[in-house]
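Read the structure below first, then the notes.
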Amino acid sequence: MSDKNATVNLNGANLDMPVHQGSVGPEVVDIRKFYAQTGAFTYDPGFTSTASCESGLTYIDGGEGVLLHRGYPIGQLAEHSSFMEVAYLLLNDELPSQDELNDFTYTITRHTMLHEQLMQFYQGFRRDAHPMAIMCGVVGALSAFYHDSTDIADPEHRKISSHRLIAKMPTIAAAAYKYSIGQPFLYPDNSLSYTGNFLRMTFGVPAEPYEIHPAIERALDRIFILHADHEQNASTSTVRLAGSSGANPFACIAAGIACLWGPAHGGANEAALNMLREIGTPDKIPHYIERAKDKNDPFRLMGFGHRVYKNYDPRATVMQETVREVFDALKVTDPVFETARQLEEMALNDDYFKEKKLFPNVDFYSGVILSAIGFPTTMFTALFALARTVGWVAQWNEMISDPGQKIGRPRQLYTGPTQRDYIPLDKR
Ligand code: ACO
């Protein structure tokens, strides 16, 4: 907190508002007393200028293309760390010691099974249900099964429910996939890594042993790291807002999944690959670039642009490297990668994209990789949800632990009719 103030002159009165400086990043004008002192609201639809909370988890400098988790650059975490270690880091303040990591991994591994009755929930969905529809339903339903960890005022309950959510997400997502293709669900195998277990539950069958490809396991683990948290994005803000009312964590994460599903957010990876497949060959790229620039055409380059990054998304850099690794490991020669690469190059050299500072985001290449591994496009956002659960629960915990936490309750600029008298039906 600083001694600096920002002054607003409104209706002839001057209001001083404290200006806070975080450990890094832009100054923040504290407008909490603005309404009480001026009788006016501030207006910021889409929250383009609003810091909705104080947080110590993740820092983004969109102009410079920087992403830090508890201070550690995402590139270093992606290269040297594991998803379990990053999960520990986000849930706690520091990187774990070897013993702490072993204990944490052991705990998560012991929560991977789903209540047997919960497995029967799947039968209520159509076979062609989108995995995200199943995820919203099944994750929300966890609150009906794990009553012993829903007292949000108890830190131990919060910890257990956070561990349960992180641990059960791969089982829930893999079962959604198995259900869609009519194969039997596989129970978790606790001898495997978090990511290896997910691969086996997704692609294995009971009739034969499943061999985990180490390069694929590593690549997918890295994709999970890249998606673990991303500050106050739409789905995280949804989780915080739902949690601010005191709702149980399972319900809050189900709300986050619903928000993530949209094509402007987590659904973009699915939309990006569909777009690349539609473009098909590099000679069609100029046509699609023209469409993306045309104000009268709703088409946008999916996987391009970001509310915060006005530079290359650092996660996209790691993704691009990972494509090559996965393609080499699996000896894949999908022309879609060449289309993606040329589309990126052409867009980055186009004045429209340059002026608007539109760069590839994390979703541009993730679909190409996930498809090469064997995931159908409908599973892409489910994988994103699986990984982002770590960030959601960490942010939710941070919020609930804050003694000054209040229910989130924005106001509005009302433009509807003013008060008028009810007209009886026969007089309308
Ligand atoms: N293709 C073409 N034009 C674009 C694109 C795009 N992908 N993205 C933004 N623009 C243009 C807009 O038309 C707008 O132009 P204008 O100023 O002339 O009206 C300008 O750039 C700013 O775009 P906004 O939509 O106002 O920016 P906002 O910050 O609200 O949106 C968003 C960011 C939603 C990510 C947007 O860039 C987009 O729709 N991208 C495609 C979807 C996508 O990839 N989403 C994934 C985001 S990352 C994630 O969730 C993990």
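Residue numbers start at 1 and run along the sequence shown. When a ligand or atom number is given, it counts from 1 through the structure's own listing order.
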>> Test your reading of the model: is there a side-chain donor-acceptor pair from His111 to the backbone of Lys168, 3.5 Å cut-off?
In response: no
How far is [atom] from the closest protein heavy atom, and which atom is that?
atom: atom 7 (N) of ligand 1; result: Leu301 O, 2.7 Å
atom: atom 26 (O) of ligand 1; result: Arg300 NH2, 4.8 Å
atom: atom 45 (N) of ligand 1; result: Ala264 O, 3.2 Å
atom: atom 50 (O) of ligand 1; result: His265 ND1, 3.0 Å
atom: atom 35 (C) of ligand 1; result: Gly305 O, 3.7 Å
atom: atom 43 (C) of ligand 1; result: Ala268 CB, 3.5 Å
atom: atom 48 (S) of ligand 1; result: His306 CD2, 3.4 Å

> Looking only at heavy atoms, which two atoms of Lys178 and Thr202 are closest? And how far apart?
Replying inline: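 Smallest heavy-atom distance, with atoms named: NZ-O, 2.9 Å.
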> Of all heavy-atom pairs between Leu199 and Glu217, which one has the smallest distance, and what is that distance?
Replying inline: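 Distance-wise, the nearest heavy atoms are CD1-CA, 3.8 Å.
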> Hey, mind stepping through Phe380 and Phe375 against ring-ring contact (aromatic ring centres under 6.0 Å, His included) and telling me if it holds?
Replying inline: CA-CA 7 Å; Phe380 294 176; Phe375 292 102; 7.6 Å; no
>> Exactly one of Arg341, Glu344, Arg315 should register a side chain to side chain donor-acceptor pair (under 3.5 Å) with Gln320. Which one does?
In response: Glu344
>> Using ring centroids (six-membered ring only for Trp), state whether Phe327 and Phe337 fall under 6.0 Å.
In response: yes
> Does the gap between the ring centers of Phe304 and Phe364 come in under 6.0 Å?
Replying inline: yes
Using a 4.0 Å heavy-atom cut-off, say whether [X] meets ligand 1 through its side chain, its backbone, both or neither.
X: Lys295; value: side chain
X: Val362; value: side chain
X: Leu358; value: side chain

>> Less than 6.0 angstrom from the centroid, inside 45 degrees of the normal: does Arg291 satisfy that with respect to the ring of Phe299?
In response: yes
> Using the ring of each side chain (for Trp, its six-membered ring), is His230 parallel, tilted or perpendicular to Tyr309, with breaks at 30° and 60°?
Replying inline: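 Judged by the thresholds at 30° and 60°, the geometry between His230 and Tyr309 is tilted.
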> Is Gly303 close to ligand 1, meaning an N/O of one under 3.5 Å from an N/O of the other?
Replying inline: yes
> Purely on distance, is any nitrogen or oxygen of Asp363 under 3.5 Å from one on ligand 1?
Replying inline: no
> Will you find, in the side chains of Asp30 and His20, an N or O donor that is under 3.5 Å from an N or O acceptor?
Replying inline: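 Yes, a side-chain donor-acceptor pair sits under 3.5 Å.
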> Which option, Lys356, Arg307, Met302, Lys310, owns the non-hydrogen atom nearest atom 29 (O) of ligand 1?
Replying inline: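 Result: the heavy atom closest to atom 29 (O) of ligand 1 is in Arg307.
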> Nearest heavy atom to atom 3 (N) of ligand 1: which of Tyr352, Phe304, Phe384 does it belong to?
Replying inline: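 Looking at heavy atoms only, the winner is Tyr352.
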> Distance below 4.0 Å between atom 22 (C) of ligand 1 and any protein heavy atom?
Replying inline: no
